[in-house]
There are 2 protein chains.
Amino acid sequence: MNRGMTAKGAATRGRIVEAAAQLIREHGAADTSLDDVRAASATSKSQLFHYFPEGRADLLVAVAEHEAAQVISAQMPWLDDLTTWESWQSWRGAVLRHYVELGDRCPLGVLTAELGKSSPQTRTVVSRLYDTWEAALARGAQAKGIDRPFEVARHILVTIQGGVVMLRATGRVAYLETGLDAALTPLAPGGSSPRL
Amino acid sequence: MNRGMTAKGAATRGRIVEAAAQLIREHGAADTSLDDVRAASATSKSQLFHYFPEGRADLLVAVAEHEAAQVISAQMPWLDDLTTWESWQSWRGAVLRHYVELGDRCPLGVLTAELGKSSPQTRTVVSRLYDTWEAALARGAQAKGIDRPFEVARHILVTIQGGVVMLRATGRVAYLETGLDAALTPLAPGGSSPRL
DNA sequence: CTCAGTTTGGACTATCCCCTCCAATCGTGG
DNA sequence: CCACGATTGGAGGGGATAGTCCAAACTGAG
């Protein structure tokens with residue numbers, strides 16, 4: 001007896017989420033209609049509401065989860081080896097390249113700027129993303145043996161969010177670039193102790 | 001002969017912009033309809049389109065300008081006297097109090113997260129706001145006589161944006177708090193030189 | 001094969017929303 | 001007071017959108 005979703009169903013659901021995520025990255029959540037999603041995913045209305053019974057709200061939560069996973073997986077290759085100044089620098093380069101390439105179409109920008117406030121569930125998704133990310137950065141900062149690793153990690157995270165939303169709003173990458181440089185100075189050789 | 005707008009007309013236009021700004025702060029631009037604005041400002045449809053001929057797009061630009069002015073004027077009392085560590089600390093306290101009080105209903109969050117990407121005109125408004133703000137912070141950092149005042153100023157601005165959008169998305173104020181502390185360390189007594 | 005449960009197509013409704021338009025009123029310079 | 005432009009009220013069009021519903025097609029476990 002079939003219980004729940006078959007493989008085909010899961011694939012359809014996946015197509016819907018990915019199409020929605022892409023459209024939202026491109027045009028924003030407000031300018032993405034269910035009909036756009038239906039067309040881009042080659043599905044029908046009944047499928048949308050079959051897999052997302054609460055309709056639009058459900059879909060947005062699924063998109064938020066999908067995008068949060070994207071953000072973390074883009075970070076993964078670096079997060080586990082933030083032990084030396086060189087590895088931090090290499091991570092910095094990767095982050096910059098990543099967001100310069102994505103420009104204003106990045107999953108992170110969507111999450112921080114649009115989806116965070118849209119519902120309690122998406123807010124939870126975004127908060128969890130921040131927690132995971134911050135914890136990984138803090139592990140690296142701790143491994144590096146600097147003072148106040150948690151504050152430094154949090155500050156790096158804040159700088160990334162700021163740089164990315166400012167990139168989204170202005171098209172300028174300088175904010176992210178300068179910000180990351182400054183936020184990483186406590187990790188530089190000889191730069192281990194913020195005063196006070 | 002009457003040319004352009006009378007005092008009464010200007011007042012009506014002002015009522016419309018303020019009502020729209022308030023609704024957008026509260027519910028977001030996407031969930032604010034022209035009819036909501038009409039009701040909240042006690043005006044009629046024809047008035048909306050009389051004062052904003054391009055309709056919704058025009059109104060959003062006007063709201064962006066209004067909110068940008070709000071952000072700067074909230075900063076004004078402090079921006080001209082960022083010469084000592086104490087004055088920077090007092091500014092920091094004011095910023096924190098301000099955004100904790102506003103929570104997720106702040107003009108800045110709306111600008112950075114929503115309006116920046118909405119049209120080329122609003123993007124210009126937001127960019128100008130950042131430029132003005134950054135320049136004021138840089139003047140203070142220069143007066144304080146630290147190294148790399150422009151980088152430090154920019155980084156402080158990035159930290160504020162990050163802290164505010166994260167406050168918007170999560171409801172947590174810790175990001176802004178910790179971030180500001182860290183971003184201000186180069187201005188602290190004995191903390192004047194970021195390495196490299 | 002059988003058949004219950006899953007997946008799918010698509011018509012249909014109800015609502016919302018942006019914007020147009022015309023006529024009425026106001027208020028002000030001359 | 002007159003005339004003219006600014007201001008206002010509000011009805012209505014045209015179109016998009018979220019969500020409902022039902023019946024057909026498919027799938028896979030037994």
Side-chain angles (χ1 to χ4, degrees), chain A residues 1-24 26-64 114-115 117-122, chain B residues 1-24 26-64 114-115 118-119 121-122:
Chain A
M1 190 191 303
N2 280 336
R3 289 275 157 152
M5 211 176 294
T6 69
K8 192 178 178 188
T12 300
R13 202 195 115 107
R15 273 210 326 284
I16 294 173
V17 173
E18 280 206 40
Q22 175 137 2
L23 287 169
I24 288 176
E26 200 99 21
H27 311 292
D31 292 337
T32 300
S33 71
L34 292 189
D35 211 58
D36 295 336
V37 174
R38 189 198 52 68
S41 59
T43 51
S44 70
K45 266 248 149 132
S46 68
Q47 286 169 291
L48 276 179
F49 285 87
H50 180 68
Y51 295 107
F52 305 95
E54 313 264 289
R56 187 184 179 75
D58 263 3
L59 180 55
L60 283 182
V61 174
V63 168
E114 280 195 88
L115 294 181
K117 221 195 161 196
S118 89
S119 78
Q121 284 114 325
T122 55
Chain B
M1 192 188 302
N2 279 338
R3 289 276 158 151
M5 211 178 294
T6 69
K8 192 178 180 189
T12 300
R13 204 195 114 106
R15 272 211 326 283
I16 294 173
V17 172
E18 281 208 39
Q22 174 136 3
L23 287 169
I24 287 176
E26 200 99 22
H27 311 292
D31 293 336
T32 301
S33 72
L34 292 187
D35 212 59
D36 294 335
V37 174
R38 189 198 52 67
S41 59
T43 51
S44 68
K45 277 252 149 106
S46 68
Q47 285 170 292
L48 276 179
F49 286 86
H50 181 70
Y51 295 107
F52 304 95
E54 313 264 290
R56 185 183 180 76
D58 263 4
L59 180 56
L60 284 182
V61 175
V63 167
E114 280 197 88
L115 294 181
S118 91
S119 79
Q121 285 114 325
T122 54

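Each chain gets a letter, A, B and so on, in the order its sequence line appears, and its residues count up from 1. No hydrogens, no waters, no symmetry mates; every other heavy atom, side chains included, goes into these values.
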Whole-Å distance separating the [atom1] atom of [X] from the [atom2] atom of [N]:
X	N	atom1	atom2	value
B:Phe52	D:dA6	CZ	P	17 Å
A:Met5	D:dC26	CE	C1'	16 Å
B:Phe49	C:dC22	CZ	C1'	16 Å
B:Arg38	C:dC17	CZ	P	11 Å
A:Leu48	D:dC21	CG	P	17 Å
B:Asp31	C:dC17	CG	C1'	13 Å
B:His50	C:dA24	NE2	P	18 Å
A:Leu59	D:dG19	CG	C1'	14 Å

No-H, no-angle donor-acceptor pair, A:Ser46 side chain to C:dG9 base, under 3.5 Å: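 Answer is yes: a donor-acceptor pair is held.
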Donor-acceptor pair under 3.5 Å, A:Lys45 side chain vs C:dG9 base: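 When only heavy-atom distances are counted, A:Lys45 does not reach the base of C:dG9 through any donor-acceptor pair under 3.5 Å.
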Closest non-hydrogen atom pair, A:Gln47 against A:Ser44: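 Looking at all heavy atoms of both residues, the closest pair is OE1-N, 2.7 Å.
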Does [N] have its OP1 or OP2 closer than 4.0 Å to a side-chain nitrogen or oxygen of [X]?
X	N	answer
A:Thr12	C:dT8	yes
B:Lys8	D:dA6	no
B:Thr6	C:dT28	no
B:Gln47	D:dT7	no

Upstream residue (5' side of DNA chain C) when B:Asp35 and A:Arg15 are each assigned their closest nucleotide: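 On the 5' side of the pair lies A:Arg15.
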Is the shortest side-chain heavy-atom distance between [X] and [Y] below 4.5 Å?
X	Y	result
A:Leu59	A:Glu54	no
A:Ile24	A:Leu60	yes
A:Phe52	A:Ile16	yes

Sugar-phosphate, base or nothing in reach of B:Tyr51, heavy atoms under 4.0 Å: sugar-phosphate
Sugar-phosphate, base or nothing in reach of A:Ser33, heavy atoms under 4.0 Å: sugar-phosphate
side-chain contact (heavy atoms from CB on, under 4.5 Å) between A:Phe49 and A:Leu34, intermediate numbers included: CA-CA 10 Å; A:Phe49 285 87; A:Leu34 292 189; 3.7 Å; yes
